[in-house]
Amino acid sequence: MVDIDPSKEDQFPGISAMKEELQEWKWIYGKTPRFSVTFSTTLSSKHISVEVTSFHGLVENIDIQSEDKEMYSLLTHLVDGLKGVKFDAGDIKTALTACVNSASLTALDRQLCDQFIQWFGSVI
């Protein structure tokens with residue numbers, strides 16, 4: 001009787017490299033099909049809806065819906081920088097925060113953007 005251990009590189013050459021590849025982001029998320037997901041909330045007493053389309057683990061498009069034209073404009077500008085970002089809460093929050101920090105915003109707009117970032121990061 002021969003003991004076979006599939007984790008032994010000498011018995012299965014290349015097994016370690018295969019295991020490593022299958023644990024990488026590129027394999028786990030980078031091969032996902034296109035999908036869309038919609039999230040809704042209320043910010044500053046105004047309802048908003050956000051539809052995110054992702055393909056191969058990256059944000060492909062974000063569509064903001066709001067009856068408030070100023071909020072729509074502000075948030076649409078904010079999320080424009082997310083195209084191509086990994087569909088990952090941490091990466092999305094980082095990109096949104098960088099956008100807010102580089103923008104010239106009123107204190108009220110900055111507060112609204114911060115609320116949006118906290119909420120959006122929690123639902124992704």
With sequence neighbours left out, which residue pairs that include part of residues 62-77 fulfil the side-chain hydrogen bond (donor to acceptor under 3.5 Å, both in side chains) condition?
Asp63-Gln65
Kindly write out the residues that satisfy side chain to side chain donor-acceptor pair (under 3.5 Å) with Glu51, not counting sequence neighbours, or none if the list is empty.
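Glu51 satisfies side chain to side chain donor-acceptor pair (under 3.5 Å) with no other residue.
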List the residues meeting side chain to side chain donor-acceptor pair (under 3.5 Å) with Ser44, not counting sequence neighbours, and say none if there are none.
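Scan of Ser44 (side chain to side chain donor-acceptor pair (under 3.5 Å), adjacent residues dropped) gives none.
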Is any side-chain heavy atom of [X] less than 4.5 Å from a side-chain heavy atom of [Y]?
{"X": "Ile48", "Y": "Thr42", "result": "no"}
{"X": "Val52", "Y": "Phe120", "result": "yes"}
{"X": "Ile124", "Y": "Asp88", "result": "no"}
{"X": "Thr94", "Y": "Ile92", "result": "no"}

Would you compute the distance between atom CG of Leu96 and atom CD of Gln118 and round it to the nearest 0.5 angstrom?
10.5 Å
Under a 3.5 Å distance rule, please check whether Glu60 uses its side chain to pair with a backbone N or O of Thr53 as donor and acceptor.
no
How far apart are the closest heavy atoms of [X] and [Y], and which atoms are they?
{"X": "Ala95", "Y": "Val85", "answer": "CB-CG2, 4.1 Å"}
{"X": "Asp10", "Y": "Pro13", "answer": "O-CD, 4.3 Å"}
{"X": "Ser40", "Y": "Ser49", "answer": "OG-OG, 3.7 Å"}

Cluster check Tyr29, Phe55: I/L/V/M/F/W/Y, side chain < 4.5 angstrom
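Cluster IDs for Tyr29 and Phe55 differ.
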Are Ile28 and Leu58 connected in a single hydrophobic cluster, I mean Ile/Leu/Val/Met/Phe/Trp/Tyr linked by side-chain heavy atoms less than 4.5 Å apart?
yes
Would you mind listing every ring-ring contact (aromatic ring centres under 6.0 Å, His included) that reaches into residues 30-52, with sequence neighbours excluded?
Phe35-Phe87
Anything under 3.5 Å between a donor and an acceptor, one on a side chain of residues 15-27, the other on a protein residue two or more places apart or in another chain? List them.
residue : atom : partner : partner atom : Å
Ser16   : OG   : Glu9    : OE1          : 2.8

Name every donor-acceptor pair, under 3.5 Å, that has one atom in a side chain of residues 100-117 and the other anywhere in the protein, sequence neighbours excluded.
residue : atom : partner : partner atom : Å
Asn101  : ND2  : Thr97   : O            : 3.3
Ser102  : OG   : Ala98   : O            : 3.2
Ser102  : OG   : Cys99   : O            : 3.1
Thr106  : OG1  : Asp109  : N            : 3.0
Arg110  : NH1  : Val100  : O            : 3.2
Arg110  : NH2  : Ala103  : O            : 3.3

